[in-house]
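Right, one structure below, let's go through it.
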Number of protein chains: 2
Amino acid sequence: MLRLSRKGQYGVRAMFEIARGHGNKPVPIKEIAERQAVSVAYLEQILNKLKNGGLIRSVKGPGGGYVLSKKPEDVSISAILNELEGPVAITSCLDPEEGCVRVDGCVTYMLWKSLGEKIDAFLRTVTLKNLLTGTLFKKADKRLKKSA
Amino acid sequence: MLRLSRKGQYGVRAMFEIARGHGNKPVPIKEIAERQAVSVAYLEQILNKLKNGGLIRSVKGPGGGYVLSKKPEDVSISAILNELEGPVAITSCLDPEEGCVRVDGCVTYMLWKSLGEKIDAFLRTVTLKNLLTGTLFKKADKRLKKSA
DNA sequence: AAAATACCTTAGTAAAATTGTCAAGTATTA
DNA sequence: TAATACTTGACAATTTTACTAAGGTATTTT
């Protein structure tokens with residue numbers, strides 16, 4: 001249950017690939033597609049959304065490709081998934097576009113809302129930098145080093 | 001993103017209805033269906049799964065219905081959703097039945113695994129009792145009262 | 001200038017998952 | 001023994017996902 005769509009997964013991995021090239025040359029879409037074994041055409045749709053969201057910029061022409069708009073440590077997984085799939089909304093009544101039908105006495109409303117907030121809070125703490133360095137929990141790691 | 005299926009939502013609400021009658025008479029399926037505006041036939045499938053999972057028992061004959069197998073405080077949301085939809089598996093590579101294809105260097109593996117664990121940890125802390133009393137965060141509430 | 005490279009956009013579509021319905025039962029008790 | 005209530009399996013409608021296809025635009029190197 002609660003599975004993330006492949007689009008979201010591809011998006012995060014694509015952002016990771018672009019982040020790897022941060023500071024160097026732009027990363028061409030073809031290269032990303034090969035690494036992920038996804039078609040260029042499909043990846044284009046995904047990167048297009050991320051571009052419209054301002055997370056990446058594109059450089060046209062030979063030698064072109066995609067570049068991060070911000071530093072890797074300033075791009076959270078939450079931001080990426082938000083752009084691709086909208087906000088976390090465990091139930092439709094929590095979706096800003098749909099809204100709750102049965103207003104009266106929705107006992108589970110708070111449950112799903114809380115869960116959604118927990119999830120997003122976690123995803124906001126993880127950035128591309130964390131993926132690059134392999135340290136998922138920055139603060140936890142620092143604490144460990146201090147106490148060691 | 002990360003939406004829970006209606007089956008899961010109905011299941012939790014149905015368990016809530018059954019929990020409300022805990023200690024009294026069994027709750028007939030017809031009553032649950034009316035409260036939730038779902039067909040009896042569909043609800044039957046859901047309750048059947050929950051019954052096979054040992055979360056509820058059924059009482060046949062006139063005056064019969066469904067009863068909780070355990071006390072409300074011993075039934076977590078995690079247990080309910082697990083029975084209906086299997087374990088939390090953000091990606092297919094984390095699904096026990098599918099497994100990971102690209103074994104080498106899956107940078108996002110830990111990310112999705114950690115997220116899944118966070119989610120399940122939260123859902124294990126919330127029980128039907130919490131829904132009944134309206135106190136989602138038992139411990140947090142107690143702390144607040146103490147410090148007040 | 002023109003050819004090559006690479007991004008950009010929209011429309012459509014096949015497969016899979018979801019969300020149910022329907023029919024024909026079986027078990028229990030007033 | 002009739003009424004109530006649960007049980008099971010098949011299957012159909014709808015929606016979502018995960019793409020493919022096709023044509024276009026922008027930039028740079030030669």
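Residue numbers start from 1 in every chain, and the chains themselves are labelled A, B, ... in the order their sequence lines are given, proteins ahead of strands.
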Atom-to-atom span, CG of L50(B) to P of dT7(D) - whole angstrom: 12 Å
Whole-Å distance separating the NZ atom of K7(A) from the P atom of dC19(D): 11 Å
Nucleotide dT20(D), atom C1' - distance to OH of Y10(A) in whole Å: 14 Å
Phosphate contact (dC19(D) OP1 or OP2) by R6(A) side-chain N/O below 4.0 Å: yes
Under-4.0 Å side-chain N/O to phosphate OP1/OP2 contact, S39(A) with dC19(D): no
Pairwise 5' ranking along DNA chain C for K60(B) and G65(A), keeping only the more 5' one: G65(A)
Contact under 4.0 Å: S5(B) side-chain N or O vs dA17(C) OP1/OP2: no
Donor-acceptor under 3.5 Å (R35(B) side chain, E17(B) main chain): no
hydrophobic_cluster_shared for L43(A) and I18(A), side chain cutoff 4.5 Å: yes
Candidate nucleotides dT27(D), dC7(C), dT8(D), ranked by approach to the side chain of E44(B) - the nearest: dT8(D)
Residue whose closest nucleotide on DNA chain C lies nearer the 5' end, Q45(A) versus G63(A): G63(A)
Under 4.0 angstrom between N48(A) side-chain N/O and dT9(C) OP1 or OP2: yes
Integer-rounded Å distance: dA17(C) P and L84(B) CG: 18 Å
I29(B) vs E85(A), nearer the 5' end of DNA chain D by closest nucleotide: I29(B)
Rounded interatomic separation in angstrom, taking CG from N52(A) and C1' from dC8(C): 10 Å
Sidechain-backbone polar pair: E73(B) side chain, L128(B) backbone, donor-acceptor under 3.5 Å: no
Atom-to-atom span, CE of M1(A) to P of dT18(C) - whole angstrom: 13 Å
Donor-acceptor contact present, side-chain S39(A) to main-chain Y42(A), <3.5 Å: yes
For atom NZ of K49(A) and atom C1' of dC8(C), their distance in whole Å: 15 Å
Pair L55(A)-L68(A), side-chain contact (heavy atoms from CB on, under 4.5 Å): steps then yes or no: CA-CA 6 Å; L55(A) 293 176; L68(A) 287 190; over 6 Å; no
Listed nucleotide nearest any side-chain atom of A41(A), set dC6(D), dT29(C), dT20(D): dT20(D)
Rounded interatomic separation in angstrom, taking NZ from K51(A) and C1' from dT9(C): 11 Å
Distance test, side-chain N/O of K30(A) to OP1/OP2 of dA6(C), below 4.0 Å: no
Under-4.0 Å side-chain N/O to phosphate OP1/OP2 contact, Y42(A) with dT17(D): no
